[in-house]
**Q** 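Take this structure first; my questions come after.
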Amino acid sequence: MASIHRTPLIAGNWKMHLTVKEAGELAAAIKKGLDPDLKHEVLLAPTFTNLHAVKEAIAGSKMFLSSQDVCWEEKGAFTGAVSPAQLLDAGCTHAIIGHSERRKIFLETDEVINKKMKAAIKAGLTPVLCIGETLEERESQKTYRVLETQLNGAFAGIPVLDVAKVIIAYEPVWAIGTGKTATPQQAQDAHIFVRRQAERIYGKDFALSVRVLYGGSVKADNVDELMAQPDIDGALVGGESLKADKFLRVIHYQPALVR
Ligand code: PEP
């Protein structure tokens, strides 16, 4: 199911790395190395404290700014949380929601992720919804069931009119930060499944237009073959996005080099 044009997106998730100065310098180095004629989109997701520095560094470029999380509440006594409006005010256009580290370490449930999706959409932020199975789930043939449950949970009660801009990132948990990448075929198969679920929930137009990124040990030396897959519309990149030269190679992927 890959017959219409979907603008590819390469996103860097900087997790809990870098000082303000380092984040600004990395963003500036990426901006400097960008092909001025780049046709696809680039998104940087630094920690909350580094959003401002990155916003300043990428000003005037075609790059977008994302948070790594968002609170579902608009304001109030929610110590440690950051609201959608505050993220917009800080220059974010996107918010990563439901990253596996949030699910696993911070015990975020599909219900919480659903609330975050609704709040982000209501405020005008584009969610980058992360889903993916653990190694145990894959080995016990539960991958598709897990993806279906996560998608049902994240989109519960959200009308089709509200999901036009939503981005989905398929990130097998066993591939995140482990150096083990899904094979291009494994990723493509999962992406086809995600698109079929998107069709079941919202219909064919959404399924054909929704961008599905792959995440999990994407590197300069494997991005070309991943991006050569027809249902992979981009990448969510952790470790490799912290090195300007490597991330620039990921951004400027070349599927044509794949034989
Ligand atoms: C991620 O942070 O979403 C990720 C995929 O990390 P890594 O590229 O390091 O596996």
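Counting starts at 1 for both ligands and their atoms, in listed order. FYI, side chains are in, hydrogens and waters are out, and symmetry mates aren't considered; it's all heavy atoms of this structure.
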**Q** Charged N to carboxylate O under 4.0 angstrom, R211 versus E41?
**A**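 Salt bridge between R211 and E41, a charged N being under 4.0 Å from a carboxylate O: yes.
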**Q** Using a 4.0 Å cutoff against the non-hydrogen atoms of A175, which atoms of ligand 1 qualify?
**A**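 Listed by number with element, the hits are 10 (O).
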**Q** Tell me the protein heavy atom at minimum distance from atom 8 (O) of ligand 1, and give that distance in Å.
**A**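 Ranking protein heavy atoms by distance from atom 8 (O) of ligand 1, first comes G238 N, 2.8 Å.
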**Q** Please identify which of these residues, L213, D233, I168, V212, meets the side chain to side chain contact (heavy atoms under 4.5 Å, CB included) condition with H191.
**A**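 Option passing the side chain to side chain contact (heavy atoms under 4.5 Å, CB included) with H191: V212.
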**Q** Can you list the ligand 1 atoms lying under 4.0 Å from a non-hydrogen atom of L236?
**A**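 The list of qualifying atoms is 3 (O), 5 (C).
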**Q** Would you say the side-chain atoms of H40 pair up with the backbone N or O of I251, donor to acceptor, closer than 3.5 Å?
**A**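 Answer holds: yes.
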**Q** What atoms of ligand 1 come closer than 4.0 angstrom to any heavy atom of S217?
**A**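 By the 4.0 Å cutoff, the relevant atoms are 7 (P), 8 (O), 10 (O).
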**Q** What do you reckon, does K219 put a non-hydrogen atom under 4.0 Å from ligand 1?
**A**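 It does not; every heavy atom stays at 4.0 Å or beyond.
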**Q** Is R200 atom CZ crowded by more than 12 heavy atoms from other residues, nucleotides or ligands, each under 6.0 Å away?
**A**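 Yes, the 6.0 Å shell around CZ holds more than 12 heavy atoms from other groups.
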**Q** In terms of atom number and element, which parts of ligand 1 are under 4.0 angstrom from non-hydrogen atoms of G216?
**A**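 Going through ligand 1 atom by atom, the ones under 4.0 Å from G216 are 5 (C), 10 (O).
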**Q** How about NZ on K104, more than 12 heavy atoms from neighbouring residues, nucleotides or ligands closer than 6.0 Å, or not?
**A**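 Check fails, neighbour count at 12 or below.
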**Q** Which atoms from ligand 1 have a heavy atom of G177 less than 4.0 Å away?
**A**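 Result: 7 (P), 9 (O), 10 (O).
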**Q** Heavy atom under 4.0 Å from ligand 1: found in I176's side chain, backbone, both, or neither?
**A**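 Within the 4.0 Å criterion, I176 contacts ligand 1 through backbone and side-chain atoms alike.
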**Q** Under 3.5 Å between some N or O of ligand 1 and some N or O of H99?
**A**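 Between H99 and ligand 1 (N or O atoms, distance only) the closest approach is under 3.5 Å.
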**Q** Check each atom of ligand 1 against the heavy atoms of G239 and keep those under 4.0 Å away; list them by number with element.
**A**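 By the 4.0 Å cutoff, the relevant atoms are 7 (P), 8 (O), 9 (O).
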**Q** Between ligand 1 and K15, can you find any atom pair, the residue atom being a heavy atom, that is separated by under 4.0 Å?
**A**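 In this structure, K15 qualifies as a contact of ligand 1 - some heavy atom is under 4.0 Å.
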**Q** Okay, side chain of Y214, backbone of G216: is any donor-acceptor separation there less than 3.5 Å?
**A**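 Present.
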**Q** With atoms numbered from 1 as shown, which atoms in ligand 1 lie under 4.0 angstrom from a non-hydrogen atom of E171?
**A**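 So the answer, numbered in order with elements, is 1 (C), 3 (O), 4 (C), 5 (C).
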**Q** Cation-pi between R102 and F106: NZ/CZ under 6.0 Å from ring centre and within 45° of the ring axis?
**A**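 Satisfied, under 6.0 Å and within 45°.
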**Q** Counting distance only, does the side-chain N/O of R103 pair as donor-acceptor with the main-chain N or O of C130 below 3.5 Å?
**A**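 Confirmed, R103 side chain pairs with C130 backbone.
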